[in-house]
Amino acid sequence: MAETPRNSRSQAYRRLSLAEKHDKFVNRYSRRTLFRVGAVSGAALAAGGVLLPGSAAASPGPTVLLNADKVAGSALRPFGRHIAYGADPSQQVVVSWQVPAAVTAPFVRIGTVPGDFSPPIPAEVRALTSQMSWQHPVEEVPPNSPKSITQYYLHARIDRLLPNTTYYYVVGHEGYDPAARLGEMASFRTAPAPGGDGTFSFTAFGDQGVGYNAVATSSLIAGLDPAFHLAMGDLSYALEGEGGHPEEDKYDARLWDSFFVQNEPVTAGIPWMMALGNHEMEGWYSADGYGGVRARFTMPDNAWNGSTCIYSWRYQNVGLISLDGNDVCYNSPSNLDYTKGKQLTWLGRTLAAFRADPTIDFIVVYCHQCTYSTCHSNGAELGAQKDWAPLFDKYQVDLVLNGHNHIYERTDPIRAGKAVKKVPSRGTTDPVKDGTTYITAGGGGGSVSEFPAPDTYLGHETANDTPVPMKYSERDGQDRTKKVTWSRVRFRGYSLVSVGVIAGTGTTPPKMDVRAISADGTLVDQIIVQRS
Ligand SMILES: [Fe+2]
């Protein structure tokens with residue numbers, strides 16, 4: 001799970017953009033057989049009685065017909081269900097899943113009473129074909145294995161749901177309707193209408209991977225039963241190496257199957273909202289490397305027409321923003337500046353709108369790369385410090401969450417690159433006066449990295465009064481270090497962040513109770529974020 005050392009690649013190749021590397025790669029193979037990404041959608045069907053009044057139950061999507069069925073639908077079972085919210089989680093949910101071969105007329109059926117389901121709501125099919133010639137399977141492949149594999153991802157966008165309502169659902173296709181099999185039923189809950197300051201919680205981690213440590217952190221989410229989970233990049237590690245180097249990165253597309261099945265007990269019922277990591281730069285599929293992600297996930301993607309996993313949304317009184325750190329990453333520059341400034345412009349505009357909205361109390365930004373971290377594995381990201389941090393300061397972002405370094409680290413509140421005050425575990429920070437708190441939560445399960453200083457966390461605090469070296473890359477790729485004082489909590493272990501958003505009382509404003517919890521359930525950090 002470690003990143004590929006830089007000296008394993010030629011510097012000339014490294015300086016190419018991912019779009020150039022993708023072109024170079026495509027030219028080595030037949031454009032016709034390299035990959036295909038297809039999509040199917042059907043006309044919206046009514047889901048009588050369980051939707052808000054309106055014209056469409058399912059959002060339209062692109063239409064590309066699949067090949068003819070080779071396997072009877074009755075012989076195929078859906079797997080790897082995962083759900084996500086739309087930009088309005090009180091009304092919009094996307095149900096996604098996979099089938100092992102092409103199916104006809106895939107659907108989701110929903111209802112507010114278990115077993116009493118709507119007519120089928122059609123799903124869009126995104127078929128993703130990957131050549132074996134550019135893969136390195138992690139499991140033994142038999143000699144009669146095909147030259148390529150095709151993964152069939154299904155996505156049903158459901159709009160006009162009732163707020164604050166539990167829905168039950170099943171997924172199926174022609175020849176297989178599990179409506180009577182309650183064991184195959186899952187459920188999700190829509191958010192209350194936006195603007196209220198009711199109490200709820202969410203969790204976050206990055207860098208999960210596939211394996212028993214990943215199962216442990218996923219199970220921890222289930223136990224906490226949050227309203228949603230933020231999956232902050234480097235999800236499956238189907239792509240080993242740094243990402244963004246299609247001729248050098250090792251890859252096994254089917255690890256994504258394992259990833260989705262591993263997490264299905266949680267993701268079938270709790271929306272996972274994802275951000276892009278460097279391991280999602282799968283340069284085989286598209287010039288930006290995100291063709292695979294676009295087949296596998298459906299995020300709100302409302303930053304601009306064609307943005308991938310860059311989006312804003314809100315859950316009650318919290319405004320949430322997902323950013324693509326690859327766009328500002330000096331340390332791993334394959335997609336550096338690929339949005340040509342669009343992401344930065346959109347970020348400024350979105351932060352301004354959120355902060356001007358009196359019904360939004362907190363702004364939480366999540367992404368993969370670390371704006372501020374002292375872990376030397378991937379270091380801190382100078383591009384994020386230069387481009388994003390001034391906007392986080394200007395609009396008093398309350399919390400920035402990320403992964404990338406495989407540890408837990410919390411900063412003191414930072415403004416203009418400097419710590420404003422010490423906030424130990426059990427302390428309180430006021431983002432209006434103190435600045436933004438940055439948390440790296442990269443202990444999702446992939447592996448554990450090192451700090452240049454001893455761990456210091458709840459119940460195991462050290463004096464921690466000596467500046468710690470922060471490693472970072474300049475834009476030209478030169479690595480440097482700088483001593484910093486804001487590294488307040490460091491924990492090497494599998495873990496996640498759980499944020500409890502607590503309603504105000506009339507005399508006290510709302511607050512966020514931010515906790516870090518290790519894979520065995522131990523509390524390793526806790527702070528209160530409360531704005532004056
Ligand atoms: Fe990463």
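Both ligands and their constituent atoms are indexed starting at 1 by order of listing.
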- Message: Between D207 and the Fe ion (ligand 1), is there a contact where an N/O/S atom of the residue lies under 2.8 Å from the metal?
- Response: no
- Message: Under 2.8 Å from the Fe ion (ligand 1), is there any N, O or S atom belonging to H368?
- Response: yes
- Just give me the atom name: the N, O or S atom of H404 closest to the Fe ion (ligand 1). ND1
- Message: Using ring centroids (six-membered ring only for Trp), state whether F79 and W97 fall under 6.0 Å.
- Response: no
- Query: Do the rings of H155 and H82 sit parallel, tilted or perpendicular, given the 30° and 60° boundaries?
  - Reply: perpendicular
- Query: According to the interplanar angle, ranging from 0 to 90°, do the rings of Y315 and F228 count as parallel (below 30°), tilted (30 to 60°) or perpendicular (above 60°)?
  - Reply: tilted
- Message: How large, to 10°, is the angle at the Fe ion (ligand 1) when you draw lines to OD2 on D234 and to OD1 on N278?
- Response: 90°
- Query: Do L351 and I321 come within less than 4.5 Å of each other through their side chains, counting heavy atoms only?
  - Reply: yes
